[in-house]
Amino acid sequence: MALSRVWWARAALRGSAVTPGFVVTRRLQLGLVWGTPRSSRLHLSPRADVKSLLSYVMAKTKVVNEKYHRFLGRNFPRFYAMYTLFMKGFRMLWADAKKARRIKANMWNHNIKFHQLPYRDMEHLRQFRRDVAKCLFIGVISIPPFANYLVFLLMYFFPRQLLIQHFWTPKQQVDFLEIYHALQKKSHPQILTYLERSIPAISDTKLRWHLTELCSKIELGTHPAVNDILALRKCFSSQPLDMNHLQALQLKALSRAVLLTPHLPAFLLRYRLKTHTTVIHQLDQALAKLGVSGLSDQEVKSACYLRGLNSNRVADERCRAWLGEWLQISCSLKEAELSLLLHNVVLFSTNYIGARR
C-alpha cells in the first residue's frame, strides 16, 4: 500500500494521467504480494504455540504407547506381564522417593527428629531406607562393564533376594513373606536355648524362676500374657541378657529372627540390633499415640509382620488384638530394657493362636 501511494504521488507531481483501473489493478497485485494484514486477535502467542505443540506430541505419544502395549500383550504375554510389573514398580518407588523427600524437607525446615514424626511418616522412611539399600546393592554389582545383563538375569531367577516388594507379583508377595517367616522360625528354638542357658547366671532368684516358667510355657505351646513378659524387665536390663553382654551366637540368632544378615562381626551385629530395636520402640510410641484403630487392615498386618508375627495366617481382628498387647509391653520399657523388646519378637509371637504352622 505504501508503494502504491508513493507511485501515485510521483505520477501526480509529474502531471501524468493514470487511469483508475490501473491503480486498482496495481493495488490488487501489491496486496497479493504482501498479503492482507491479520487481526491481532487471531494471532497466538509463542507460549500458546508451545503448549499446543506439547499437547499434540503428548497425545500422539499416548496413542503410540497404547498401540505398543497392545502389541506386546497380544504377541508376548509373559514379557508384557513382566514389563507391566516393572513399570508399576518403578512408579511406586518414584512415588515413595518423592514422599520421603517431602518428609525429610519437613524435618529439616522444622528441626524435627525421626522419633518426633507421626507413625506413618516414620514407617515410610524406615521402609524406604531398606528399599534404597537393596537397590544400591543392585546398582553396585551393575557397575562393571556388561554386568547389567547378568544382573537382569539374576533378578529374574532370584527376585526375593534382589528385588524389593514393589517388583513382586501378588503371589510372590505372599510366598516370599512365608519363606521369610520360616527363616525366622528356625532361629526361635536356638534363642530359647540361649535363654535357658543364661538362667544360672541371673543373680535374682525370683527373676530366675520367672524366666524358667516363661521358657517352659513357650516350649509347651502356651502363649504368654503381657504380665509374664513385663515381669522380666530387670532380667533383660543387666548381665547376662542386656544388649551389651549378649554373646556372638545369640546376636546371630537374634539377627535371623528380625531378618537381618547374621554374617557380620559381633560388634556390627550388636550395633544393627540396637538400631533396629530402637527404631521399633520409637515406632511403637508413635503408634500408641495414633492408636491401633487408626490403622487400616493392611497397615496392621505389616506392623505385626515387622514385629515377628506371621500376620498372613492370622485374622484381622486377632492381629489388632496382638498388636495392642505388643504396644502395652513396648511402651512400658525403658531404653536400658530394649533387649527384652528384641527377645519379645520370639517370646510373644511363637505360640499366638492362629499363627502356628
Side-chain angles (χ1 to χ4, degrees), residues 114 122-123 125-138 140 158 160-165 176-198 201 211 214-215 218 229 232 235-284 302-312 326 329-330 333 335-352 355 357:
F114 176 78
M122 292 175 65
E123 174 61 19
L125 281 184
R126 183 200 68 82
Q127 186 61 47
F128 181 71
R129 289 170 181 171
R130 291 177 66 91
D131 293 343
V132 168
K134 207 168 188 179
C135 293
L136 285 178
F137 172 75
I138 296 175
V140 170
F158 304 100
R160 178 174 63 86
Q161 293 84 353
L162 296 179
L163 298 179
I164 61 177
Q165 293 190 30
F176 292 168
L177 292 180
E178 288 288 341
I179 292 173
Y180 280 131
H181 187 73
L183 295 175
Q184 289 178 297
K185 292 279 288 184
K186 287 182 179 179
S187 64
H188 289 187
Q190 190 177 5
I191 293 172
L192 289 174
T193 300
Y194 287 132
L195 286 177
E196 291 175 337
R197 290 178 181 176
S198 65
L211 185 55
L214 181 64
C215 291
I218 294 175
I229 302 294
L232 298 169
C235 183
F236 286 85
S237 62
S238 59
Q239 192 175 359
L241 292 176
D242 65 307
M243 294 289 286
N244 294 324
H245 291 90
L246 294 175
Q247 300 177 0
L249 292 178
Q250 288 176 285
L251 295 174
K252 290 180 181 295
L254 288 167
S255 296
R256 285 190 289 268
V258 295
L259 298 178
L260 295 176
T261 177
H263 308 296
L264 291 173
F267 72 95
L268 285 179
L269 293 177
R270 195 184 313 276
Y271 171 77
R272 296 193 72 193
L273 287 172
K274 282 184 178 180
T275 303
H276 178 81
T277 310
T278 301
V279 170
I280 297 298
H281 191 233
Q282 293 171 348
L283 283 169
D284 290 340
S302 298
C304 292
Y305 194 90
L306 175 64
R307 291 157 179 81
L309 182 69
N310 187 10
S311 52
N312 289 332
W326 172 282
I329 297 172
S330 179
L333 300 178
E335 185 177 354
E337 302 166 343
L338 290 185
S339 178
L340 176 56
L341 187 64
L342 178 61
H343 284 81
N344 204 38
V345 172
V346 177
L347 301 176
F348 208 62
S349 65
T350 301
N351 297 319
Y352 188 66
R357 301 191 61 177

Looking at [X] and [Y], would you say the former's side chain and the latter's main chain have a donor-acceptor pair under 3.5 Å?
X	Y	value
T277	L273	yes
S237	A336	no
K134	L163	yes

Taking the six-membered ring for Trp, are H343 and F236 parallel (under 30°), tilted (30 to 60°) or perpendicular (over 60°)?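 Tilted, since the angle between the ring planes falls between 30° and 60°.
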
Validation row: [X], [Y] side chains within 4.5 angstrom (heavy atoms):
X	Y	value
M243	T278	no
L214	I229	yes
H188	S349	yes
I191	V345	no
K185	T350	yes
C235	L241	yes
L283	E123	yes
H181	Y305	yes

For a side chain to side chain donor-acceptor pair (under 3.5 Å) check, start with the C-alpha distance between Y180 and Q184, then their side-chain angles and the critical distance, and finish with the verdict. CA-CA 6 Å; Y180 280 131; Q184 289 178 297; over 6 Å; no

Kindly check if the number of other-residue, nucleotide or ligand heavy atoms within 6.0 Å of CD (E196) is above 12?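 Yes, the 6.0 Å shell around CD holds more than 12 heavy atoms from other groups.
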
Atom CD of residue position Q247 - does it have more than 12 heavy atoms of other residues, nucleotides or ligands inside 6.0 Å?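 Check fails, neighbour count at 12 or below.
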
Taking it one step at a time, do N310 and Y352 satisfy side chain to side chain contact (heavy atoms under 4.5 Å, CB included)? CA-CA 10 Å; N310 187 10; Y352 188 66; over 6 Å; no

W326 vs N344, test: side chain to side chain donor-acceptor pair (under 3.5 Å). Steps then yes/no. CA-CA 9 Å; W326 172 282; N344 204 38; over 6 Å; no

Dump the intermediate steps for side chain to side chain contact (heavy atoms under 4.5 Å, CB included) on L347 and L192, then the final yes or no. CA-CA 8 Å; L347 301 176; L192 289 174; 4.0 Å; yes

On a heavy-atom basis, which atom in A257 and which in V346 lie closest, and how many Å separate them?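 In terms of heavy atoms, the two residues are closest at CB-CG2, 4.2 Å.
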
So which atom in H281 and which in S330 form the shortest heavy-atom distance, rounded to 0.1 Å?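 Smallest interatomic distance, heavy atoms only, reads NE2-O, 3.1 Å.
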
side-chain hydrogen bond (donor to acceptor under 3.5 Å, both in side chains) involving R270 - partner list, sequence neighbours excluded: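 R270: no side-chain hydrogen bond (donor to acceptor under 3.5 Å, both in side chains) contacts found.
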
Which residues pass the side-chain hydrogen bond (donor to acceptor under 3.5 Å, both in side chains) test with K274, sequence neighbours left out?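 Once residues adjacent in sequence are excluded, the partners of K274 under the side-chain hydrogen bond (donor to acceptor under 3.5 Å, both in side chains) criterion are N244.
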
Mind checking ring-ring contact (aromatic ring centres under 6.0 Å, His included) for F348 and listing every partner two or more places apart, or none if nothing turns up?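 F348: ring-ring contact (aromatic ring centres under 6.0 Å, His included) contacts with H223, W322.
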
